[in-house]
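One structure is given here, and the rest of the page talks about it.
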Amino acid sequence: MTLTQISCAQKSEKSENTNADDKIEVEYASNHTLSLVNLIATPGKYHEKKIQIIGYVNVEFEGNGIYLHKDDYDHGIYSNGFWISIDKNIRQQIADEKMNKSYVLLEGTFNMNQRGHMGLWSGEIENITRIIKWN
């Protein structure tokens with residue numbers, strides 16, 4: 001699954017010009033998935049950009065997050081995940097479709113400066129516009 005994410009992320013980047021003065025900004029379309037590894041490693045590259053990621057989601061009081069792997073959630077490795085800022089409609093969708101504690105595809109805007117409850121996560125996904133269960 002990780003190789004698929006990386007492959008999709010690489011295909012989704014626009015080409016960059018080698019001349020630094022003419023550098024094209026990297027943007028991601030809503031139909032391309034970004035690897036969580038890329039997001040963790042280079043958060044500045046995606047700050048305030050709309051992103052789409054796949055990860056293991058957990059929704060609970062003071063613990064809304066999406067993680068690289070279920071093991072990261074199980075062992076409390078918050079730095080391998082991102083806080084997710086969800087409204088009551090998204091919370092209800094997660095409950096209705098039994099997505100909590102499962103892998104999901106999530107789309108929203110990345111904010112590297114917000115790090116969630118107690119500043120434990122590697123950033124925040126806000127303004128979530130799409131979430132679907134990933135099988």
Side-chain angles (χ1 to χ4, degrees):
M1 186 159 99
T2 302
L3 290 176
T4 301
Q5 289 175 340
I6 292 170
S7 174
C8 289
Q10 289 173 345
K11 289 180 184 176
S12 65
E13 288 189 28
K14 290 183 179 178
S15 63
E16 292 184 354
N17 191 324
T18 55
N19 183 343
D21 295 331
D22 296 329
K23 194 170 186 179
I24 297 172
E25 187 174 339
V26 175
E27 293 183 6
Y28 284 84
S30 61
N31 62 344
H32 292 97
T33 303
L34 170 65
S35 165
L36 280 174
V37 173
N38 286 342
L39 192 56
I40 291 167
T42 57
K45 192 174 182 179
Y46 307 102
H47 181 60
E48 296 183 342
K49 300 242 187 268
K50 189 172 188 177
I51 60 164
Q52 182 172 278
I53 55 176
I54 297 170
Y56 186 82
V57 74
N58 177 61
V59 175
E60 65 183 42
F61 180 68
E62 297 180 349
N64 299 334
I66 187 163
Y67 298 83
L68 185 57
H69 298 289
K70 180 183 183 302
D71 286 344
D72 296 321
Y73 164 73
D74 289 342
H75 298 286
I77 306 173
Y78 301 105
S79 60
N80 280 352
F82 299 92
W83 177 262
I84 55 173
S85 178
I86 56 174
D87 62 25
K88 61 183 174 181
N89 293 331
I90 296 292
R91 183 180 298 276
Q92 190 62 50
Q93 181 184 356
I94 289 169
D96 290 347
E97 298 178 24
K98 298 178 180 20
M99 286 189 260
N100 196 31
K101 295 188 179 7
S102 67
Y103 284 89
V104 299
L105 181 144
L106 184 138
E107 185 178 276
T109 304
F110 178 64
N111 185 333
M112 68 181 225
N113 298 323
Q114 297 297 319
R115 299 173 64 89
H117 182 66
M118 296 178 59
L120 297 172
W121 279 264
S122 291
E124 179 177 321
I125 313 299
E126 52 194 18
N127 303 316
I128 295 171
T129 55
R130 182 177 178 209
I131 185 167
I132 58 173
K133 196 162 189 173
W134 189 261
N135 291 326

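Values below: every heavy atom of this structure, side chains too, minus hydrogens, waters and symmetry copies. From a predicted model like this one, the values you see are computed outputs, not experimental measurements. Note that the numbering runs from 1 along the sequence shown for the chain.
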ask   = Side chains of Glu97 and Lys133: does their closest heavy-atom pair fall under 4.5 Å?
value = no
message = I'd like to check Glu48 versus Asn111 (side-chain heavy atoms, cut-off strictly below 4.5 Å). Are they in contact?
response = no
query = Under 4.5 Å between any side-chain heavy atoms of Val57 and Tyr103, yes or no?
reply = no
request  = Determine whether His47 and Asn113 make a side-chain contact, defined as any pair of heavy atoms from C-beta on separated by less than 4.5 Å.
outcome  = yes
message = To the closest 0.5 Å, what do you measure between CG (Leu106) and CD1 (Ile86)?
response = 9.5 Å
key: Criterion side-chain contact (heavy atoms from CB on, under 4.5 Å) against Val104, the qualifying member of Ile66, Ile53, Ile54   = Ile66
remark   = CD (Gln93) and CD1 (Ile131) are apart, to the nearest 0.5 Å, by 6.5 Å
inquiry  = Let me confirm one number: the CG-CG distance from Leu68 to Leu39, rounded to the nearest 0.5 Å.
reply    = 10.5 Å
inquiry  = Whether the side chain of Arg115 engages the backbone of Trp121 through a donor-acceptor N/O pair (distance < 3.5 Å, no angle test) should be reported.
reply    = yes
request  = Could you grab the distance from atom CD of Glu107 to atom CD1 of Ile125, nearest 0.5 Å is fine?
outcome  = 11.0 Å
inquiry  = Distance check, rounded to the nearest 0.5 Å: Leu105 atom CG versus Asn135 atom CG?
reply    = 11.5 Å
ask   = How many angstroms lie between CG in Asn127 and CG in Asp87, if you round to the nearest 0.5 Å?
value = 9.5 Å
task = Taking salt bridge (charged side-chain N to carboxylate O under 4.0 Å, His left out) as the test, write out the residues that go with Glu62, two or more places apart.
result = none
query = Does the side chain of Thr109 pick up a donor-acceptor pair with the side chain of Glu126 at under 3.5 Å?
reply = no
ask   = Do Arg91 and Asn64 come within less than 4.5 Å of each other through their side chains, counting heavy atoms only?
value = yes
If you look only at distance, which donor and acceptor atoms sit under 3.5 Å apart when one is on a side chain in residues 74-83 and the other is two or more places apart or in another chain?
from	atom 1	to	atom 2	distance (Å)
Asp74	OD1	Lys70	NZ	3.3
Asp74	OD2	Lys70	NZ	2.8
Asn80	ND2	Asp72	OD1	3.2

request  = Answer yes if the ring centres of Tyr56 and Tyr73 are under 6.0 angstrom apart, and no otherwise.
outcome  = yes
